[in-house]
Amino acid sequence: MDDATIDQLLIIGGVLGGLLLVAPGLIWLERRMLALWQDRYGPNRAGPFGLLVVLADTLKLFFKEDWTPPFADRFVFTIAPGIVVITVLMSFIVVPFAPGVIVSDLNIGLLFFLANSSLGAYSIILGGWASNNKYSLLGSMRGAAQMISYEVFMGLAMMGVVLLAGSFSMHTIVEAQKDMWFVIPQFLGFVIFFIAGIAETHRLPFDIPEAESELIAGFHSEYSGMKFGIFFVGEYLGIILISSVTVALYFGGWLGPDFMPPLVWFILKTFAFICFFILLRASLPRPRYDQLMEYGWKILLPLTLLNLMVTAGIVLLNKGI
Amino acid sequence: METDLSPAEQVKLQFGDDIIAEPVTKDRIVSVWLPLVKLKVVLFYCKQELPKPYPLLYDLTAIDERSRKKNQPAEQPGSGYSSSGFTLVYHLFSFDRNEFIRFKVALLGEYPTAPSICNLWANANWYEREVYDMFGIQFEGHPHLKRILMPPTWSGHPLRKEHPARATEMGPFRLWEEKQDKEQSALQFNPEEWGLARSSEDSDFMFLNIGPQHPGTHGVLRIVLQLDGEDIVDAVPDIGFHHRGAEKMAERQSWHTYIPYTDRVDYLGGVNNNLAYLLAVENLAGITVPQRAQVIRVMMCEFFRIASHLVWFGTFSQDVGQLSPVFYMFTDRERIFDVVEAVCGGRMHPNWFRIGGVAQDLPKGWETLVKKFLDYFPARLKEYDAMVLRNSLFKARTVGIGIFTKEEAIEWGATGAQLRACGLAWDFRKKRPYSGYENFDFEIPTAENGDCYDRALVRVEEMRQSLRIIDQCLKNMPEGLFKADHPLTTPPIKKHTLQDIETLITHFLGVSWGPVIPPGESMSCIEATKGANSYYAVSDGNTSPYRMRIRTPSFAHMQMLPYISKGYTVADMLSILGAMDYVLADIDR
C-alpha cells in the first residue's frame with residue numbers, strides 16, 4: 001500500500017470516527033445550550049459538566065427493548081433509520097474540511113451532495129409508511145413534501161455560488177473565496193440555502209414531520225431503542241452536514257488568518273452554525289405545514305430564481321468585459 | 001307588553017297559572033316551577049320572545065329528590081308543587097337584565113323522561129347527556145343520548161341516591177379477561193354511531209384517534225378526528241377520563257371538609273374554586289364575610305388568576321411549537337407560589353378559604369412579598385409580548401383560527417376570555433360583583449375577532465388587570481377579622497366557649513359534626529380563571545350538602561370544539577385547544 005492510499009484511509013477513518021463521535025456529543029451540547037437559554041441547568045450530573053450523559057443515553061438506547069410493532073412492515077421498518085445515516089455520511093465525502101482533508105474531491109461535488117440529501121427523504125417516507133400508524137403516515141407525508149420542495153430551493157440557491165466559482169467541486173469553491181467570502185455577493189442565496197437546510201434536517205421551526213404537540217413524534221412514533229437512536233444520530237449528522245456545507249459554500253471554508261490551522265477554522269465556523277441551529281430551536285414556533293409549503297413556493301422560489309438570474313447576468317457582464 | 005312585570009310574572013301571564021314562582025330564594029335568583037308539558041314553550045319564550053331575553057343556557061342539571069328532608073321551599077304551603085322524584089333545573093342568564101332565572105321541572109317515576117331542548121340551545125346537548133349519565137333521566141328528541149362522563153360499560157347512574165358513593169361499598173375491583181375485552185371494545189370508535197360517514201364522494205376519510213394520552217391535549221382528553229387529508233371534517237371529543245365524582249363526593253363530605261375537593265376541580269385556579277363554593281354556602285348560612293377576609297380573598301384569587309394564565313400562556317406557545325416560553329412562565333409562576341406558600345402554606349391546592357373567611361390571617365411581612373412580585377412581573381409581561389404575541393410565526397398560527405362570533409359564543413355557553421375575545425365586555429367580577437370586587441378599579445379587556453390570537457390578547461391583558469387589583473389590595477388592606485364571628489364559621493371561633501354554654505354547644509357540634517347549614521338552595525357565580533364557575537348548593541338542613549352542582553366553564557368550551565374546528569387542519573386544532581385554556585378536571589369534575 002502506498003502512502004497516498006494510507007492517507008486516504010486515514011482521512012476516511014478520521015472523518016467517519018470524528019463525525020460519529022461528534023454527533024452524539026451534540027446531544028449534550030444541545031441540551032446544555034437549550035437549558036442555558038431557558039433558565040435551567042440541563043444535564044449536569046453524569047461526569048464533568050454532565051458530559052457522560054451522552055454515554056448514559058447511548059447505553060440506555062442500546063438496552064431498551066427494540067420493539068417492532070406487529071403491524072409494521074418488518075424489513076422496511078428496520079432499514080429506514082439506516083438510510084438517513086448512510087446518505088448523510090455519504091454526503092460528507094465531498095465536504096472539504098481543510099486543504100487535502102477531503103475524502104474525495106469529486107468534480108460534481110455539489111450535485112453529489114444534493115443527490116444524497118434527496119435520498120435521505122426516503123428514510124422518513126419509508127419509516128413512516130412501514131410503521132403502519134396514522135400519526136407516522138401524516139408525519140411522513142409532510143416530511144416527504146417538505147424535503148422534496150425545499151430540495152428545489154436549496155439546489156437553486158447553491159447555483160449562485162457555482163456560477164461565481166465556476167465549479168461544482170467544493171474544494172474549488174472554497175479556494176475561490178480567497179478574496180471575498182461568497183456570503184457577501186450571495187447573501188440572499190445564503191439565507192435561502194440555510195432556511196432550506198433547516199427544512200432538510202427537519203429541525204424546529206421546521207420539525208413539521210415530527211411536530212410533537214400534534215403528531216406525537218410523527219414519522220418515528222413507533223420507533224424505540226437503537227432504531228430510534230439512529231434516527232436521532234442521523235438528525236444530528238444532518239445538522240453538522242448543513243452547517244459545514246454552509247461554511248464551505250458561503251463562509252470561506254477553512255480560510256482564515258494564519259494563527260490557527262485551517263481545520264480549526266473550519267471546525268469553529270461549523271460549530272457556530274450548529275449553535276445557531278440550536279438557538280433557532282429555542283426561540284421560534286413552528287409554522288403550519290401548508291404555510292411552510294406556501295412560503296417555499298410563493299416566496300423562496302421566485303427569490304432564488306431572481307438571485308440566480310441576477311448572478312448569472314453579472315457573471316456574464318464581467319466575462320464580456 | 002308590560003315591561004315592568006318581572007319575568008316570572010310575564011311567563012305566568014303568557015302560559016297560565018300552573019306556573020309558580022317560589023316566593024323566596026336564598027340567592028335571590030327567581031325560581032320558577034313549570035309543568036313538564038310547558039317546559040319547551042316557556043324556555044323558547046324566554047330565549048326568543050321575552051323582551052330582554054335570556055339567551056344563555058347557563059346550566060342544566062337535576063336533583064334526585066327521593067331522600068330529601070321535606071322542608072323545602074317547594075313544599076311551602078300554597079306552592080302546589082312538590083317534587084318527590086327528580087327535579088330538572090335550568091339556569092338561564094340574561095345579559096340585558098344581568099339576571100339569572102331558574103326553571104324547575106318536577107319529574108315523576110324511577111326513570112323519568114323529559115323533552116330535550118337540544119334544538120333550542122346547542123349546548124344543551126352535553127348537559128342533557130350528563131343528566132342522563134348521572135341520573136338516568138331520558139331526554140326525548142336528543143340526537144345522541146349516550147353516557148358522557150362515565151364509561152359506556154358502567155351500570156347505574158352515579159348521582160342517584162341509591163348509587164354507592166365509596167369504592168368500599170362496591171366490592172373489590174377485578175378486571176378479568178372478558179371484562180377487559182369488553183372495556184377495550186367499548187373504546188373502539190365507531191363512526192356510524194356518531195353519524196359520521198367513512199367516505200365522501202371523492203375520498204375516504206381517515207379517523208385519527210388523539211388521546212387520551214397525547215402530548216397536545218394537556219391531560220386525559222380523547223378526540224377522534226374525521227380527516228380528509230389533513231383537513232378536519234368533524235371531531236368527536238370523548239371526555240370523562242378525569243371524572244372523579246366531585247359532585248357525588250360532596251354528598252358524603254361535611255360542608256367544611258368538602259373545601260379541599262373544590263381545589264381540585266380547576267386545579268390551576270386554586271382558591272378561585274374555594275371562593276365559588278363558599279359564596280354559595282355562606283349565602284345559605286347567612287354569613288357576612290368581614291371586609292379584611294374579602295380583600296384577602298380577592299388578592300389570592302387574582303394571584304391564582306395570574307398563575308393559571310401563565311400556565312396557559314406557556315403551554316399555548318408550546319402547542320404551536322415554541323419551546324422556551326413555557327420555562328420562563330413556569331419560573332414566574334414559582335414566584336407567585338412563593339407568595340401563595342407564605343400565605344396559605346400550600347401551592348396548587350391551597351385549601352385555604354373557610355366558611356366565613358380564610359384559614360389564617362396574613363403572615364407578617366406579606367406586603368414585602370407581594371410588593372416584590374408586583375415590581376418584578378410587569379417587565380416580564382412586556383418581554384413575553386415581544387417573544388410570543390408579536391412573533392410573526394405565532395401570529396400566523398393563531399390569527400384567524402378558530403373564529404366564532406358573540407352570538408355563537410352565547411349559544412354555546414362560552415364565558416370568560418372566550419366570550420370577551422368576541423367583543424362582549426362581560427366579566428362577572430364587574431357586572432355581578434362578589435366578595436367586594438365592586439370596590440376595585442380595573443378594566444375588562446376585550447378583543448374584536450374572536451380568534452385564537454384574540455383570546456391570547458385578552459388573557460394577557462387580564463394578567464395586567466389582576467396586577468392592578470393586587471396592587472389595590474396591597475395598598476388598602478383593611479384591618480379587622482379574617483373570619484366572620486358567626487356560629488357556622490368553620491372551624492368555629494373559640495373565644496366565648498368557656499363563658500357561655502350555648503356557644504360551647506355550637507362549637508362542640510361545629511367541630512365534631514361540622515356545621516349544619518340551614519336548608520335552601522343557592523347558586524354562586526364567579527369569574528374563575530377560565531370563565532364562569534358556579535356551585536349550586538342544595539341543603540336539606542344537614543351536615544353535608546344534599547346536592548352540589550358544579551358548573552364549570554371548560555365543559556361548555558370543550559363542547560364547542562367540533563363546531564369551531566371544522567374545516568381547519570390538525571395543526572390548527574392544537575392552536576384552538578391551546579387557546580381554549582381548559583383543564584380536564586374542570587371538564588370532567
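Proteins come first, then strands; the chains are lettered A, B, ... in the order of their sequence lines, and each starts at number 1.
Environment of CZ in B:F241: crowded, with over 12 heavy atoms of neighbouring residues, nucleotides or ligands closer than 6.0 Å. The neighbour count for B:E177 CD, taken as heavy atoms of other residues, nucleotides or ligands under 6.0 Å away, does not exceed 12. Atom OH of B:Y376 is surrounded by more than 12 heavy atoms from other residues, nucleotides or ligands within 6.0 Å. Atom CE of A:M33 has more than 12 neighbouring heavy atoms from other residues, nucleotides or ligands inside a 6.0 Å radius. Under a cut-off of 6.0 angstrom, the local environment of CZ in A:F75 is sparse, with at most 12 non-hydrogen atoms contributed by other residues, nucleotides or ligands. Around CZ of B:F207, the count of heavy atoms belonging to other residues, nucleotides or ligands within 6.0 Å exceeds 12. In this structure, A:F276 places its CZ atom where only 12 or fewer heavy-atom neighbours from other residues, nucleotides or ligands lie under 6.0 Å away. The environment of B:K382 atom NZ is sparse: at most 12 non-hydrogen atoms of other residues, nucleotides or ligands sit within 6.0 angstrom.
Using a 4.5 Å cut-off between heavy atoms, B:I210 contacts chain A through both its backbone and its side chain. For B:L225, no part sits under 4.5 Å from any heavy atom of chain A, backbone or side chain. When heavy atoms are compared at a cutoff of 4.5 Å, B:D319 approaches chain A by way of both its backbone and its side chain.
Residues B:H214 and A:Y135 meet the side-chain proximity criterion, which asks for heavy atoms closer than 4.5 Å. The shortest side-chain heavy-atom distance between A:Y289 and B:T569 does not fall under the 4.5 Å cut-off.
Of all the listed residues (B:G216, B:G321, B:S317), the one sharing the greatest number of non-hydrogen pairs under 4.5 Å with chain A is B:G321. Annotation: maximal heavy-atom pairing with chain A below 4.5 Å, among B:G229, B:A396, B:G578, occurs at B:A396.
Residues A:P285 and B:L393 share a closest heavy-atom pair of O-CD1, 3.2 Å. Of all the heavy atoms in A:Q291 and B:R397, the pair that sits closest is OE1-CD, 3.8 Å.
The CZ atom of B:F330 sits 14.5 Å away from the CG atom of A:D39 when rounded to the nearest 0.5 Å. Distance check, rounded to the nearest 0.5 Å: OH of B:Y328 to CD of A:Q38 gives 6.0 Å. Taken from CG in A:L284 to CG in B:L323, the straight-line distance is 10.0 Å, to the nearest 0.5 Å.
Checking each of A:R142, A:K134, A:R288 against B:E230 for a salt bridge (Lys or Arg N to Asp or Glu O under 4.0 Å) leaves exactly one that passes, namely A:R142.
Side-chain atoms of B:S324 do not come within 3.5 Å of backbone N or O of A:S283 as any donor-acceptor pair.
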